[in-house]
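Read through the structure below, which is laid out as structure tokens, and then see the notes.
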Amino acid sequence: MSALKAKENKIWITRPYDPDVVARLAKQTGVSPLVAQALVARKTTEPEKILLFLAPPNLARGLYAPERLPGCADAARVLADAVRAGKKIVVYGDYDVDGMTATAILLQAIQTVGGNVGYYVPNRLEEGYGLNSATLKRLRDDENADVVVTVDCGITSLKEAEYAREIGLELIVTDHHTPIVDPETGKQILPNAAAIAHPRLEVDGLAPYPCPELCGAAVALKLAWGLGKEMAGGENTSPEMREFLVRAVGLAALGTIADVVPLQDENRTLVRFALARSFISDMPLGLKYLIEVAGINPNKKLTSEDVGFSIAPRLNAAGREVLHERSPKDEEDERNWQIAKSLLENPCRLAVAGQMGLASLGVELLVTDRPERARELAPFVNNLNATRQKLERKIMADALKMIEEDFADAPAFVLASRDWHPGVVGVVAGRLAERFYRPTVMIALRNADPSAGSARGVPDSNFNLYDAFDACSEHLERFGGHAAAAGLGIKEANIPAFRAAFCDYVEDRFSPQERVPKLYLDGEFPFSALNFQAVSDLDKMSPFGAENPRPIFAAYGVSLVGQARRVGGGKPKPGAPPGEQPVGRTFSGRFRQFHDERRAVAFGCGDWVDEMNALVEADPNVKFDVAYQVVFNDYFGQVELRLQDWRVAE
């Protein structure tokens with residue numbers, strides 16, 4: 001078996017905790033010892049903080065006033081003046097879920113206060129990320145736009161901001177991405193806009209924002225709140241606006257989960273409130289239909305994992321423009337493209353005319369109040385996700401082959417191909433970075449330079465992709481993003497030099513010891529203690545996500561019962577030979593520890609089946625250690641393991 005196909009050996013690290021502290025906190029707070037153990041292992045040891053962390057969500061206590069967000073008060077005043085003056089306002093969004101939800105929030109907020117507003121979402125492949133000068137001119141000349149408000153973009157669009165000013169557009173920037181910094185002075189270099197709202201904006205006399213890791217949709221929610229207060233002329237908003245803001249928390253939470261920002265502080269409040277209320281009583285009509293066609297149980301209470309792994313990828317597929325380079329031989333893709341053209345030719349009345357980016361349909365799905373339109377959009381978006389998955393599997397296979405043949409020992413991966421779809425390479429880069437624990441850059445080459453690429457950093461590490469790109473910027477045409485995820489534009493001829501410089505940077509700042517995958521455990525938890533009460537107790541720590549992962553426990557010396565199986569490969573193809581039949585991508589098996597058995601699944605880990613079965617065949621008495629999350633399977637009505645890793649027991 002190829003070393004690249006074999007399971008990566010991870011270092012298991014049990015988070016340290018003091019049993020006496022766990023017992024004391026469990027008694028003081030009334031939480032179960034299991035939850036107390038997990039919280040202590042994550043360095044949450046103060047009773048007051050534990051009770052606050054686990055308390056029911058409260059928007060009044062858990063959200064900071066919008067005027068505390070740097071620049072938000074100014075942006076709200078400028079926007080309110082534009083609304084009162086009857087100016088034509090265009091919300092300029094982004095094509096990922098964060099950008100779509102941010103667009104939907106601000107669009108509906110301006111509508112609620114009576115503004116003359118439309119929205120525009122750029123085409124990822126034709127216009128690229130952020131403001132586009134040609135598009136700004138078209139908005140000014142053809143749409144008579146007076147004001148453009150960016151959401152989830154714009155903070156690095158220096159030239160485009162100057163151009164907007166030249167052609168008479170008033171620009172308001174709302175963003176959360178990393179601003180450009182002058183290397184000599186250390187000061188932020190900002191676009192020349194009428195107002196800028198950004199959680200990490202440096203404003204003289206204003207204290208740093210308490211929750212700087214907001215996503216774009218949360219920033220848009222803050223501006224919507226500030227706009228409501230400004231229009232009402234006081235601390236409160238109108239009842240209509242207040243009702244909208246409560247509904248909009250669900251959209252902000254969707255963007256928060258999808259953008260993988262830390263689920264702490266204000267972000268945790270947004271997501272907890274949405275899961276407890278917004279996604280139950282205030283779900284947008286289009287999302288209801290999307291959940292239905294996605295096969296998610298409509299009676300099931302949604303979790304952050306449902307949103308992150310089932311809903312967000314479907315919306316994201318629209319922004320990835322997966323039909324842009326479709327094969328004319330693929331009948332399904334061609335059929336979807338005909339549907340796309342029909343939908344784009346009959347856009348939402350709030351959409352700026354002439355948009356050809358499919359992300360605009362994602363925004364429409366979030367804002368439509370027409371059931372017949374929602375029923376058209378939801379299955380279309382769901383089908384786009386199936387196309388995205390097909391492209392992703394092919395790119396992943398290509399990339400693994402490249403790594404095995406040419407880059408197996410490299411400290412980082414910089415991979416490029418003409419056969420890759422630029423809207424999908426970022427997803428694959430993330431999977432490779434997680435699998436090999438190395439920073440990964442994926443470039444989709446095109447005939448016209450520069451080509452676009454996406455990069456992902458290493459999970460649970462201090463490696464900063466943005467800083468790395470900044471250090472290698474002489475080889476790039478453009479770049480932007482965060483510490484963990486970034487994008488770039490590069491000429492094909494510069495790729496070898498960039499690869500060398502990037503790998504050197506990684507080699508100097510990310511040692512081989514750090515590049516070994518690590519798995520952090522919250523302690524040992526035997527099968528005998530696995531029951532519904534344990535799951536219920538642990539779920540009190542939810543929502544789970546970035547910086548609050550679902551606890552992972554270990555069980556040692558367990559046996560595989562029978563054989564493990566591959567599941568989830570799709571429907572069999574009638575008449576196709578065995579080699580062309582779908583292969584299950586999910587591991588499924590049963591484990592026994594003493595007298596207790598538990599079912600375990602591992603999504604996307606079908607290769608583990610062959611490895612584990614081979615070990616059992618060679619030695620029927622072999623024992624395993626398993627690292628797992630404990631969940632309740634609603635379909636089977638039982639507690640089961642979500643397998644994270646395994647190894648042969650010593």
Exercise. Is the number of heavy atoms from other residues, nucleotides or ligands within 6.0 Å of CD (E650) greater than 12?
Worked result: no

For this session: Using the side-chain hydrogen bond (donor to acceptor under 3.5 Å, both in side chains) rule, take N613 and E617 through it: C-alpha gap first, then chi angles, then the decisive distance, then the call.
Result: CA-CA 6 Å; N613 285 342; E617 185 176 347; over 6 Å; no

Exercise. Backbone N or O of A484 within a donor-acceptor pair of the H482 side chain at under 3.5 Å?
Worked result: no

For this session: Would you name the heavy atoms of A104 and L366 that are closest together and state the gap between them?
Result: CB-CB, 4.1 Å

Seminar exercise, completed: Nearest heavy-atom approach of A38 to P551 is CB-CG, 4.3 Å

For this session: Return yes when atom CG of D619 has more than 12 non-hydrogen atoms of other residues, nucleotides or ligands closer than 6.0 Å, and no otherwise.
Result: yes

Seminar exercise, completed: In R277, R247, K288, the residue satisfying salt bridge (Lys or Arg N to Asp or Glu O under 4.0 Å) with D282 is R277

Exercise. Angle class for the F624/W646 ring planes (parallel below 30°, perpendicular above 60°, tilted otherwise)?
Worked result: perpendicular

Exercise. So, the side chain of N633 versus the backbone of V639: is there a donor-acceptor pair under 3.5 Å, distance only?
Worked result: no

For this session: Describe, in one word, how the ring planes of W12 and Y556 are oriented to each other, choosing from parallel (under 30°), tilted (30 to 60°) and perpendicular (over 60°).
Result: tilted

Exercise. Mind checking whether F527 and Y628 have parallel, tilted or perpendicular rings, split at 30° and 60°?
Worked result: perpendicular

Exercise. Do the side-chain N and O atoms of T303 and D306 include a donor-acceptor pair separated by under 3.5 angstrom?
Worked result: yes

For this session: Check the angle between the aromatic planes of W608 and F587 and answer parallel, tilted or perpendicular using the 30° and 60° thresholds.
Result: perpendicular

Problem set entry | Under 3.5 Å side-chain donor-acceptor pair for N297 and Y635 | no

Exercise. Measuring from L377:CG to L290:CG, what's the distance to the nearest 0.5 Å?
Worked result: 10.0 Å

Problem set entry | Under 3.5 Å: donor-acceptor pair, side chain of D98, backbone of G216 | yes

For this session: Return yes when atom NZ of K300 has more than 12 non-hydrogen atoms of other residues, nucleotides or ligands closer than 6.0 Å, and no otherwise.
Result: yes

Exercise. So I311 and I291, side chain to side chain contact (heavy atoms under 4.5 Å, CB included) or not? Walk me through it.
Worked result: CA-CA 7 Å; I311 299 173; I291 287 172; 3.9 Å; yes

